[in-house]
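Keep in mind that the numbers below use all heavy atoms, side chains included, and drop hydrogens, waters and symmetry copies. Starting from 1, each residue takes its place in the sequence as its number.
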Amino acid sequence: MTTATINGELSITYPRGYVAMSIDELKQSFGVSYQNIWGVQDKRRHAILAVFWKETSPLMAKVGSVLAREASLARRAEQGARRAYRTSDYQLERFFARELAGVQAQGFAYSFADGRVRQQAQTLVFKRETRCYTLYYFTHDDHAQANEPAYEEMLASLAWV
C-alpha cells in the first residue's frame with residue numbers, strides 16, 4: 001500500500017500494483033492540458049483512477065454552494081461524458097450519492113466502448129471550501145468485478161490531511 005497526497009490536502013492510499021502516473025501520462029490519457037490532476041494506474045488490472053481539482057474564489061465558492069451543488073455538477077459532468085463518448089456506445093447506468101473523505105459526493109456510473117474493449121467507469125464530484133474535486137475511475141469491463149475491491153478500498157482511504 002502506498003499513500004499519496006493530492007493537492008496538498010487530500011490523502012489516498014492505493015494498493016500494490018497501482019503506480020502513480022506522471023502529469024504527461026495523465027494529460028495524454030485524458031486528452032487535456034490541465035495541470036491540476038493526479039492519478040494512478042494498474043496496467044495489469046486495466047484500471048485508472050484520477051482526481052482533477054479546480055480552485056474558485058471565496059466569493060464564487062459561496063455563490064457556487066448555492067448554484068452549483070454537487071448533484072448539478074455531476075449532471076453537468078455526465079453531459080460531458082455523454083458528448084465525449086457519443087460515438088463509443090455510451091450507456092449511463094445510474095446516478096448515486098456517497099460519502100468521500102467525510103463530505104457528500106455525487107456521482108454516476110457508465111460504460112462505453114474504447115475500440116473493441118468495453119469500459120466500466122464512475123465519475124464522482126465533491127467539494128471542500130473553495131475547491132471542487134472530480135474523481136474518475138475506468139476499468140475494462142471484463143476486469144470490473146475483480147477490480148471493485150481495490151477501487152472501493154481507495155475510495156474508503158480518502159481523507160483530508
Side-chain angles (χ1 to χ4, degrees), residues 1-55 70 73-74 77-78 80-85 87-94 96-161:
M1 300 292 270
T2 303
T3 300
T5 302
I6 302 166
N7 191 29
E9 72 172 3
L10 182 63
S11 72
I12 186 170
T13 300
Y14 52 93
R16 197 168 138 189
Y18 280 85
V19 177
M21 299 172 72
S22 73
I23 190 71
D24 291 334
E25 287 175 307
L26 288 160
K27 286 178 179 181
Q28 183 177 7
S29 291
F30 287 90
V32 297
S33 59
Y34 206 63
Q35 293 292 325
N36 295 342
I37 182 172
W38 175 93
V40 291
Q41 70 177 336
D42 186 323
K43 290 182 180 181
R44 186 180 56 78
R45 290 181 181 149
H46 301 284
I48 294 177
L49 181 142
V51 179
F52 288 67
W53 63 92
K54 183 175 183 173
E55 186 80 30
E70 288 84 346
L73 294 171
E78 191 277 329
R82 182 180 300 277
R83 276 191 307 277
Y85 301 116
T87 61
S88 302
D89 190 29
Y90 174 86
Q91 299 291 317
L92 173 65
E93 293 174 15
R94 71 188 190 292
F96 60 91
R98 73 178 295 164
E99 188 175 294
L100 293 178
V103 298
Q104 190 64 22
Q106 296 288 322
F108 60 100
Y110 54 105
S111 65
F112 61 94
D114 183 9
R116 295 185 323 155
V117 178
R118 191 101 193 130
Q119 300 278 346
Q120 291 291 322
Q122 285 192 7
T123 299
L124 290 145
V125 179
F126 55 104
K127 297 189 316 189
R128 183 172 193 228
E129 298 170 356
T130 60
R131 286 160 301 286
C132 180
Y133 290 90
T134 306
L135 184 147
Y136 297 93
Y137 173 71
F138 301 95
T139 188
H140 286 193
D141 187 55
D142 58 350
H143 289 80
Q145 189 173 8
N147 289 342
E148 188 174 355
Y151 172 58
E152 288 297 327
E153 195 174 298
M154 288 187 281
L155 292 181
S157 77
L158 289 168
W160 305 109
V161 294

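- Other residues, nucleotides and ligands contribute over 12 non-hydrogen atoms within 6.0 Å of the CD atom of Glu25.
- With rounding to the nearest 0.5 Å, the separation of CG in Leu135 from CG in Leu49 is 4.5 Å.
- Side-chain contact check for Thr5 versus Trp38: every heavy-atom pair is 4.5 Å or farther apart.
- For the atom pair CZ of Arg128 and CG of Leu10, the computed distance is 8.5 Å after rounding to the nearest 0.5 Å.
- Thr123 OG1 to Tyr137 OH: the interatomic distance, rounded to the nearest 0.5 Å, is 12.5 Å.
- A parallel orientation is assigned to the rings of Tyr85 and Phe112, their planes being inclined by less than 30° (bins at 30° and 60°).
- In this structure, Tyr110 and Tyr90 have tilted ring planes: the angle between them lies in the 30° to 60° band.
- Remark: Glu129 CD to Glu55 CD distance equals 9.0 Å, nearest 0.5 Å.
- Rounded to the nearest 0.5 angstrom, Arg131 CZ and Asn36 CG are separated by 11.0 Å.
- With rounding to the nearest 0.5 Å, the separation of CD in Gln35 from CD1 in Ile23 is 5.0 Å.
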Distance-only donor-acceptor hits, side chain of residues 145-155, under 3.5 Å, sequence neighbours excluded:
unit_1 : atom_1 : unit_2 : atom_2 : d
Asn147 : ND2    : Arg45  : O      : 2.8
Asn147 : ND2    : Thr139 : OG1    : 2.7
Asn147 : ND2    : His143 : O      : 3.3
Tyr151 : OH     : Gln122 : OE1    : 2.8
Glu152 : OE1    : Arg98  : NH1    : 3.3
Glu152 : OE1    : Arg98  : NH2    : 2.9
Glu152 : OE2    : Arg98  : NH1    : 3.3

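- Annotation: side chain of Leu92 is in contact with side chain of Phe108 (closest heavy-atom distance under 4.5 Å).
- There is no side-chain donor-acceptor pair under 3.5 Å between Tyr14 and Gln41.
- When Trp53, Trp160, Tyr133 are each tested for a side-chain hydrogen bond (donor to acceptor under 3.5 Å, both in side chains) with Glu9, only one passes: Tyr133.
- Contact check for Val117 versus His46: no side-chain heavy atoms found under the 4.5 Å cut-off.
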Would you sort out whether His140 and Arg118 count as a side chain to side chain contact (heavy atoms under 4.5 Å, CB included), showing the intermediate values? CA-CA 6 Å; His140 286 193; Arg118 191 101 193 130; over 6 Å; no
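- Counting heavy atoms from C-beta on, the side chains of Ile48 and Phe30 come closer than 4.5 Å.
- Side-chain atoms of Ser11 come within 3.5 Å of backbone N or O of Ala159 as a donor-acceptor pair.
- A heavy-atom distance below 4.5 Å is not found between the side chains of Ser111 and Asp141.
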